[in-house]
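When a residue number appears, it is its place in the shown sequence, counting from 1.
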Amino acid sequence: RCPEIQKGSQPSRRCNQACFRGSSFQMPPKSKRDLSHPDAVIRLASAVHRFRCPEIQKGSRLSFQKAFRSTGAHSETQALMKKADKDRGKLSELLVGKDKGTSVAYESVATAAKNYLPSVNRILITCKVQPEVARLDEKLVFEWCSGIEHEKKYFKSEALMYELVMTVGCEAMAKAGSACDYSIDGEFAASSREFQAAAGMFQRLATDQLPKWISRGSSVEQKDIPLESRVGVCEAFKTLFLAIAQQMAVATVLIKPGVPKYSLVGKLCLGIADQMETFVSVMRSKAPESMEKIDNNLFTLITFQINLHKGLSNYFMARGIWETHADYGLAIAMMNGAIQLIKTREHSGMEGLPEIKKTPLQSLSKDLTDLRAHMALVLREWEKDNSQIYFSRVPRTIPEEKKLQKGLVMVKPTPYDIEEVEPALLILPSARASLGRPIAPPPPAHNSDEEYARELQRRLNMG
């Protein structure tokens, strides 16, 4: 299916389609001559693309308990494997639904992924510090499909790090899905926080977990894993979700009663455009082969939002200059510039918005028409006042030194930490029989992995 935009009525909070979403927020009616920013600005500026969550292959028979049946005989280890199976099953059930037609509840998915993560991380650490004992009775084959890729395709791997990475990616995409729900409901501050959380998770993957996987000599090729487990893609999506979080922060300011601080909003809008350009740049430089796997409508939206926010930056900077009586002529020139930036361009090499007819973005057409009419009205009123009262010279172009050179980035990724865990005890059946006594749990991992491995080996060789 093509992505869709739903506007107007309140959509369901339980939707897992990949689609563009614009807020249905409505402000109270304004007087006929009110020149304050229209509701259309908020709806346009908060339009986002909803991604799917990554999914676990439905019907998977993977079992940690069966895989570690022989070496995981210790009661604490058995409890760990049982919990891992239960938590993974819960996550899989929430992602694909037990019954046909069940849709994803993003907050529940995020919680389930968070609950499962410590278990898979502990199993990973357990195998890392006891490699000579980590023998499986049956293979663990993890199957996930990407939530970012347009086409659903399942990727297999036996690496525990793959399972951990995709679980973090699943939590991140669930947070982004929850953020879309909040945005649709007009709860922009909550939406911004959720997008910042998603950005923090992708940052952790890009800077920590994935480099560790690569440094250990993984032979996995990029084409054999989902996009959420590729460094360049994670770095790019960290930036994208920060840009969207700032979109929501701007919407939070604009829905408040009274006159916003126009100059600040102008700088924030340019910051959004800068970050989205960085997203495209990182994808092209670090993950070019991944771009063709992503729905092209996302990049149409990104192009639209880059130019829209550049136009809005000019618009709000012009309002700030006019309100402070700094330079009426410059304000008029900037408003002219804003109007030019939100015109539909004739070809891709020109400034302006991309053509949105026959795309999922066409549902934004009315809001775009309203915004253009509003800007034209403000410009006419200003030109009238300037010709009759102020007589300020209007420059034909905005002087370079008067242009805003760099936007403001206000939001940051929410730090994301993976809980530190202690390894569980694995022991070969032959060693267990020779000991002839119950196996005590391993001591706390205060030493390095190598020291702890030597200690385990010493204990197993006793007697």
Side-chain angles (χ1 to χ4, degrees), residues 51-56 88 91 95 109-110 113-114 116-129 131 140-149 153-176 195-243 275 278-294 412-421 449:
F51 295 93
R52 298 188 310 270
C53 286
E55 292 180 11
I56 297 171
R88 191 176 198 270
L91 176 59
L95 287 169
V109 170
K114 184 178 181 180
Y116 173 51
L117 190 62
S119 295
V120 69
N121 187 35
R122 191 177 181 194
I123 295 171
L124 174 63
I125 296 297
T126 296
C127 294
K128 176 186 173 185
V129 301
L140 289 170
V141 181
F142 306 103
E143 294 183 70
W144 287 84
C145 77
S146 171
I148 298 175
E149 296 180 31
K153 176 184 176 182
Y154 286 89
F155 297 84
K156 297 181 181 181
S157 175
E158 296 179 33
L160 279 162
M161 182 62 86
Y162 171 69
E163 177 78 351
L164 184 143
V165 165
M166 289 306 298
T167 302
V168 175
C170 181
E171 185 179 357
M173 298 308 288
K175 282 288 185 181
F195 277 120
Q196 288 177 74
M201 294 171 194
F202 275 113
Q203 182 180 53
R204 181 62 185 261
L205 289 176
T207 60
D208 184 52
Q209 298 304 134
L210 290 173
K212 282 181 181 177
W213 192 9
I214 295 170
S215 68
R216 288 172 185 159
S218 170
S219 59
V220 177
E221 294 188 25
Q222 293 287 294
K223 65 181 179 64
D224 296 328
I225 53 178
L227 297 191
E228 291 88 343
S229 52
R230 305 184 188 186
V231 175
V233 174
C234 289
E235 182 181 337
F237 270 76
K238 179 264 295 185
T239 304
L240 175 61
F241 285 149
L242 279 184
Q275 286 182 302
T278 300
F279 163 75
V280 176
S281 176
V282 172
M283 286 296 297
R284 286 175 175 167
S285 61
K286 298 187 178 182
E289 73 290 343
S290 301
M291 294 183 72
E292 63 183 22
K293 297 178 180 291
I294 301 174
K412 295 181 180 180
T414 301
Y416 181 75
D417 295 317
I418 297 176
E419 178 185 340
E420 291 188 9
V421 294
D449 292 343

The side-chain contact (heavy atoms from CB on, under 4.5 Å) partner of M166 among S229, C145, S157 is S229
Can you say whether the rings of F51 and F241 are parallel (under 30°), tilted (30 to 60°) or perpendicular (over 60°)?
perpendicular
So, E171 versus Y116: side-chain donor-acceptor pair below 3.5 Å or not?
no
Whether W213 and Y162 hold their rings parallel, tilted or perpendicular, with breakpoints at 30° and 60°:
tilted
Any luck finding a side-chain donor-acceptor pair between Q196 and T414 under 3.5 Å?
no
Do W144 and I56 have side-chain heavy atoms sitting under 4.5 Å apart?
yes
Examine distances only and state if a side-chain atom of E149 and a backbone atom of P226 form a donor-acceptor pair shorter than 3.5 Å.
no
Any chance the rings of F279 and F237 have centres within less than 6.0 Å?
yes
Indicate yes or no for a side-chain donor-acceptor contact from R52 to the backbone of S146 under 3.5 Å, with no hydrogens or angles considered.
yes
Thinking salt bridges, do D224 and K156 make one under a 4.0 Å N-O criterion?
no
More than 12 heavy atoms of other residues, nucleotides or ligands under 6.0 Å from CD of E289: is that the case?
yes
Report yes or no: does R204 contribute a side-chain atom to a donor-acceptor pair with the main-chain N or O of Q209 at less than 3.5 Å?
no
